[in-house]
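Below: the structure, in structure tokens.
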2 protein chains.
Amino acid sequence: MPGDRSITEAERLAEAKLGGIPIRREQMAAVANIYRAASAVRQHLENSVLRSSDLTWTAFVVLWVVWVWGESETRHVAEEAGISKGTLTGVARTLESRGLLRRIGHPTDGRLVLLSLTDKGEDFMQRVFPAFNEEEAFVTAQLSSAECRGLAEGLRRVVLQVEEHGEERRRALLDGAEPAPRRSGRRPRA
Amino acid sequence: MPGDRSITEAERLAEAKLGGIPIRREQMAAVANIYRAASAVRQHLENSVLRSSDLTWTAFVVLWVVWVWGESETRHVAEEAGISKGTLTGVARTLESRGLLRRIGHPTDGRLVLLSLTDKGEDFMQRVFPAFNEEEAFVTAQLSSAECRGLAEGLRRVVLQVEEHGEERRRALLDGAEPAPRRSGRRPRA
DNA sequence: GTCCGATCATTTGGAACCAAATTCTATGGC
DNA sequence: GCCATAGAATTTGGTTCCAAATGATCGGAC
């Protein structure tokens, strides 16, 4: 079991390594565990309900977003699902080819594309979501309902902080400096 | 600001959509927010400190793991970083080519490869980690230290639950059924 | 009516990523 | 000593994802 030992061990070691430097330990632990938990949950769900439905995590999230929000413009779906618009184009095409999703042009604005579930897609979610939710309950089984609420609330505040002040913060950090290009992805033309 | 509105709105809509079906709302909200927070945090860090250091999230995590654990065997690093061994091979090679990481064979067991930071890598982490930690503090700014501890503890329990009971659970769910082939990755030969 | 900037979705190019296959090394029987 | 088995990292083949570039369309200004 690498479990408990490795998590807390890692935190202890990190502190030791930083003996001289003053660091924010609680915040470091919180962030590290957010990412670790997200990976664990995603992997568990991919290997249980999603695998047997032959759906990737991202595809399921997209489906879920359209399901709960109803017919939506793609850019909203991408934002809500936490993926880029380019990725959504591919995922939506896959889901469309599987008959779960419908893509129709906006009636008045020709630039927009609207996504909605087909009847098959609706049936699929009615059938699969309860199984998905069952696994959500499984991974949080060590927490009471109240603790789940507390956890969700704490995480919500993290999301809010980034959504509301993230851009401003990044601007302040760079402070006039170039935005620094990414290494991967299509190269700038010039 | 899609912020506050969209998160709680989404949760409300999901509940409405599931009017008839009994679901575990708290658990659903907890899981949804884990993933949402992880994406937000990763994106913020990639676009601030990591971008200007020309490092991907994964590369930084690998560097961090080797930094805090010291010289380590690759399979342990992969596990700790949450990536496959194959991915680590590529990432390690990139980091080696940039002079931050060293790869040396194990002195007695020729099958093993050990990773450690170069002096340049150590300097790099000494310089960049404080900035990274500063952003960890930023994203959790809406939480007190005690709340961070509570958050980390709750997430730790989720990770533990999956690590300790996940495999068993997945086996019980399939219950004899085929493991269901994955869609991506190299195909089996036969 | 036609340019022109803004705002979409889509295409494109490259890296990240995984799991199977492969290759290399160690070790235990014989 | 030799071979089979096991266990390690790496290679390979494939998908997924992002960000820049592109192409389409809208809405004004003139």
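Letters go in sequence order (proteins before strands), and every chain restarts at 1. Quick caveat, the model's predicted, so the values are computed rather than measured.
- Side chain to side chain, A/Asp123 and A/Gln126 fail the donor-acceptor criterion of an N or O pair below 3.5 Å.
- A/Thr118 and A/Arg102 are not linked by any side-chain donor-acceptor pair at a separation below 3.5 angstrom, with hydrogens and angles left out of the test.
- Protein atom CZ of A/Arg51 is 10 Å distant from nucleotide atom C1' of C/dC18, rounded to whole Å.
- OP1 or OP2 of D/dA9 lies within a sub-4.0 Å distance of a side-chain N or O belonging to B/Thr74.
- If you measure from atom NZ of A/Lys85 to atom P of D/dA20, you get 12 Å, rounded to the nearest angstrom.
- In this structure, the NE2 atom of A/His106 is 10 Å from the P atom of D/dG27, given to the nearest Å.
- Toward the 5′ end of DNA chain D lies the nearest nucleotide of B/Gly86, the other residue of the pair B/Gly86 and A/Asp109 mapping further downstream.
- Here the side chain of B/Asn133 pairs no donor or acceptor atom with the backbone of B/Phe129 at under 3.5 angstrom.
- Straight-line distance from the CG atom of A/Leu88 to the C1' atom of C/dT10: 11 Å, rounded to whole Å.
- Residues B/His106 and B/Arg111 have side chains that never bring a donor and an acceptor to within less than 3.5 angstrom of each other.
- When the P atom of D/dA8 is taken as reference, atom NE2 of B/His76 falls 8 Å away, rounded to whole Å.
- At least one side-chain nitrogen or oxygen of A/Thr89 sits closer than 4.0 Å to the OP1 or OP2 atom of C/dT10.
- Residue B/Thr87 places at least one side-chain N or O closer than 4.0 Å to OP1 or OP2 of C/dC18.
- The side chain of B/Arg75 contributes no N or O atom lying less than 4.0 Å from OP1 or OP2 of D/dT10.
- Counting any heavy atom pair closer than 4.0 Å across all strands shown, B/Ile83 reaches sugar-phosphate atoms only and no base atom.
- An OP1 or OP2 oxygen of D/dA9 is reached within less than 4.0 angstrom by no side-chain nitrogen or oxygen of B/Arg111.
- The side chain of B/Arg42 lies closest to C/dC17 when the candidates are D/dC17, C/dC17, C/dA9.
- Of the residues listed (A/Val66, A/Leu112, A/Val113), the one engaging A/Thr74 in a side chain to side chain contact (heavy atoms under 4.5 Å, CB included) is A/Val113, and it is the only one.
- When each of D/dT10, C/dA16, C/dT10 is scored by its nearest atom to the side-chain atoms of B/Arg103, the top-ranked nucleotide is D/dT10.
- The CZ-P distance, from B/Arg98 to C/dA15, rounds to 13 Å in whole Å.
- Atoms CH2 (A/Trp57) and C1' (D/dT15) sit 18 Å apart, rounded to a whole Å.
- For the OP1/OP2 pair of D/dT16 and a distance below 4.0 Å, the side-chain nitrogens and oxygens of A/Arg93 include no atom meeting the criterion.
- The nearest whole Å value for the distance from the CG atom in A/Leu112 to the P atom in D/dC26 is 9 Å.
- Remark: B/Ser84 is in phosphate contact with C/dC18, judged by side-chain N or O atoms under 4.0 Å from OP1 or OP2.
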